[in-house]
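To start, the structure under review is shown below, and the notes come after it.
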Amino acid sequence: MADPVPPPSDLPAPYASPWGQLGDAARAVLASLRLKLRELWRRNREGDLSVPGFWPQGLAPLFWPLLLAALLALALALAGQVGRGLSKAAPQAPGEATPAVQVQVPAIAEPALEAPAPVAVDKSLPLPEPEPPPPLELDPLLALLAEDDPDHLIASAHPAPAEGRLVLTMAPTYTGLGEATRRRWAERWQQRALALGYERLELVDGRQRLLARRALVGSGMILLDPGAPG
C-alpha cells in the first residue's frame with residue numbers, strides 16, 4: 001500500500017515549529033553541560049586541574065570544591081544582609097512626601113591662624129640621606145625560598161604543580177660561585193622544593209639555559225655547563 005501523500009501547502013518548505021527546535025537545542029545544551037561537568041569532576045578527582053603553587057599537591061582535589069563552597073557561602077551571606085537591610089526600611093505611602101527638617105547651626109568664629117615662625121637651618125650640617133624602601137615581595141613562593149637564600153641568588157621562581165616541577169631562575173652572581181658552593185646551594189634548594197611538594201628542581205640562568213637539575217638516579221643535584229642539554 002502506498003504511503004499517503006501529504007496535502008499540498010502554500011509554504012516553500014515543510015513547516016517546523018520553532019518551539020520544538022528550541023526544546024531540542026535546550027536538551028542538547030543540557031546534555032553537553034552535564035558531560036562537561038562530569039569531565040571537570042573527573043579531572044579534579046585525578047588532580048589534573050591547576051592549583052596555586054602554595055597549595056599542597058597531595059590536597060589538589062580539594063582546592064576547587066573548597067573555593068566554590070566559600071564563594072557560595074559568601075553569596076548567601078551577602079544576600080542575607082541585603083534582605084535584612086530591606087526589611088528594616090520603613091515603607092512609605094505613595095504620594096506622601098517626607099517633611100524637610102531645617103536645622104540652624106550657630107556660626108562659629110574660626111580662630112585666626114598664625115603663620116609658623118621660620119625654622120633656622122644650619123646649612124653646614126649634611127642632610128640625612130633618605131633610606132631606600134624595603135623590597136616588595138610579590139611572589140609567596142619566592143618569599144619562602146628567600147629564607148634559604150640570604151645572598152639573593154634566586155631571581156625568580158616558576159612552579160609547575162601539575163608536573164611536580166619547580167624552575168628557579170638564578171641571578172648572575174650564582175654562576176660566579178665555585179662548583180662546591182653552587183652544588184651546596186642547589187642541594188639545599190632541592191630539599192626545600194621537596195618539602196613544598198615539588199619532586200623535580202631545575203636551575204636556569206637568565207637566558208633559560210639549564211644550570212642544574214635533579215639526579216635521575218639516586219639523590220642530589222647534577223651541575224651542568226650553561227647551554228648543555230638537560
Side-chain angles (χ1 to χ4, degrees), residues 39-71 73-74 126-230:
E39 178 186 359
L40 291 177
W41 180 259
R42 177 184 58 79
R43 292 182 58 190
N44 180 69
R45 186 175 62 253
E46 296 175 355
D48 191 23
L49 297 180
S50 60
V51 296
F54 63 85
W55 191 262
Q57 189 65 24
L59 301 178
L62 298 179
F63 175 77
W64 290 108
L66 291 178
L67 180 60
L68 292 177
L71 293 178
L74 180 60
L127 296 177
E129 297 181 358
E131 298 182 358
L136 181 61
E137 295 289 350
L138 297 179
D139 191 346
L141 178 59
L142 188 59
L144 291 175
L145 295 173
E147 299 176 2
D148 293 335
D149 184 22
D151 298 334
H152 302 288
L153 301 177
I154 303 176
S156 61
H158 308 278
E163 303 175 5
R165 181 166 58 96
L166 176 61
V167 180
L168 301 180
T169 301
M170 310 309 300
T173 52
Y174 173 79
T175 57
L177 301 176
E179 181 179 356
T181 304
R182 286 185 283 119
R183 182 180 301 276
R184 185 173 66 254
W185 281 115
E187 292 179 352
R188 180 180 299 182
W189 293 326
Q190 182 191 23
Q191 296 299 324
R192 175 52 68 94
L194 290 174
L196 294 175
Y198 297 95
E199 299 180 357
R200 297 170 52 192
L201 175 65
E202 297 179 0
L203 306 183
V204 299
D205 60 5
R207 299 171 59 183
Q208 300 302 308
R209 296 180 300 181
L210 190 63
L211 301 178
R213 62 172 175 82
R214 182 181 66 86
L216 299 179
V217 179
S219 60
M221 295 289 290
I222 297 179
L223 301 184
L224 302 172
D225 294 333

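Only heavy atoms go into these numbers, but all of them, side chains included; no hydrogens, no water, no symmetry mates.
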For R207, the salt bridge (Lys or Arg N to Asp or Glu O under 4.0 Å) test, sequence neighbours excluded, returns none
Scanning both residues in full, the closest heavy-atom pair of L168 with I154 reads CD1-CD1, 4.0 Å
Q. R200 and V167: side chain to side chain contact (heavy atoms under 4.5 Å, CB included), yes or no, with the steps?
A. CA-CA 8 Å; R200 297 170 52 192; V167 180; over 6 Å; no
Rounding to 0.5 Å, atoms NE2 (H152) and OG1 (T173) come to a distance of 10.0 Å
E187 meets the salt bridge (Lys or Arg N to Asp or Glu O under 4.0 Å) criterion, sequence neighbours left out, with none
In terms of heavy-atom contacts, P159 and Y198 come closest through CB-OH, 3.3 Å
Given the options L223, T175, L224, L211 meets side chain to side chain contact (heavy atoms under 4.5 Å, CB included) only with T175
Contacts of E199 meeting side chain to side chain contact (heavy atoms under 4.5 Å, CB included) (sequence neighbours excluded), chain-then-number -> none
The complete set of salt bridge (charged side-chain N to carboxylate O under 4.0 Å, His left out) pairs with one or both residues in residues 159-178, sequence neighbours excluded, reads E163-R165, R165-E202
Residues 54-70 vs salt bridge (charged side-chain N to carboxylate O under 4.0 Å, His left out), sequence neighbours excluded, gives none
Name each donor-acceptor pair under 3.5 Å that joins a side chain in residues 177-186 to protein atoms two or more places apart or in another chain, with its distance.
unit_1, atom_1, unit_2, atom_2, d
R182, NE, L177, O, 3.1
R183, NH1, M221, O, 3.1

For R209 and D205, the nearest pair of non-hydrogen atoms, with its separation, is N-OD1, 2.6 Å
CG of L166 to CG of L203, rounded to nearest 0.5 Å, is 9.0 Å
